[in-house]
Amino acid sequence: MDQKEIIEGLKPICLCKGIKKKVFLKHLAAGIHTLEGLRKATGAGSGSCGGKRCTPRILDLIKETAEKWKAT
Ligand code: FES
């Protein structure tokens, strides 16, 4: 893992719960590929905004991950 990946992993995805991108990537790598699965595994979406801010980011991560797998 290079420095860029480490910095990228520290980006917040769920601001209400303070959950960083690396946490989602870990669960995606473990085989959790649905919004509900990731929300349940991380607690994202249960903050004061009810997931309004993080849900689009989580969906983008799922899409990005799927595209990376298709490319390999
Ligand atoms: S940002 Fe995730 S619940 Fe508000």
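Numbering starts at 1 and runs along the sequence shown. In this text, all values refer to a predicted model and were calculated from it rather than measured experimentally.
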Can you give me every donor-acceptor pair (side chain of residues 38-48, partner residue at least two apart or in another chain, under 3.5 Å) with its distance?
unit_1 : atom_1 : unit_2 : atom_2 : d
Arg39  : NH2    : Gly50  : O      : 3.4
Thr42  : OG1    : Leu38  : O      : 2.7
Thr42  : OG1    : Ala44  : N      : 3.1
Ser46  : OG     : Gly43  : O      : 2.5

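- Applying the side chain to side chain donor-acceptor pair (under 3.5 Å) rule to pairs touching residues 4-17 yields Glu8-Lys11, Glu8-Lys21, sequence neighbours excluded.
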(request) Give the intermediate values and the outcome of side-chain contact (heavy atoms from CB on, under 4.5 Å) for residues Thr34 and Ile62. (result) CA-CA 7 Å; Thr34 63; Ile62 293 169; 5.6 Å; no
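- Every residue two or more places apart in sequence or in another chain was checked for a ring-ring contact (aromatic ring centres under 6.0 Å, His included) with His27, and none qualifies.
- The minimum heavy-atom distance linking Gly51 with Pro56 is given by the pair O-CD, 4.3 Å.
- Here the shortest heavy-atom pairing between Arg57 and Ile13 reads NH1-O, 3.0 Å.
- Rounding to the nearest 0.5 angstrom, the gap separating the CD atom in Gln3 from the CD1 atom in Ile6 is 7.0 Å.
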(message) Between Val23 and Lys26, is the side-chain contact (heavy atoms from CB on, under 4.5 Å) condition met? List the steps.
(response) CA-CA 5 Å; Val23 175; Lys26 185 183 87 176; 5.6 Å; no
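- How far NZ of Lys22 is from CD1 of Ile7: 12.5 Å, rounded to the nearest 0.5 Å.
- The CD1 atom of Ile32 lies 11.0 Å from the CZ atom of Phe24; values are rounded to the nearest 0.5 Å.
- To the nearest 0.5 Å, atom CD1 of residue Ile58 and atom NZ of residue Lys63 are 15.5 Å apart.
- Expressed to the nearest 0.5 Å, how far SG of Cys54 lies from CG of Leu59 amounts to 9.5 Å.
- His33 NE2 to Trp69 CH2: the interatomic distance, rounded to the nearest 0.5 Å, is 3.0 Å.
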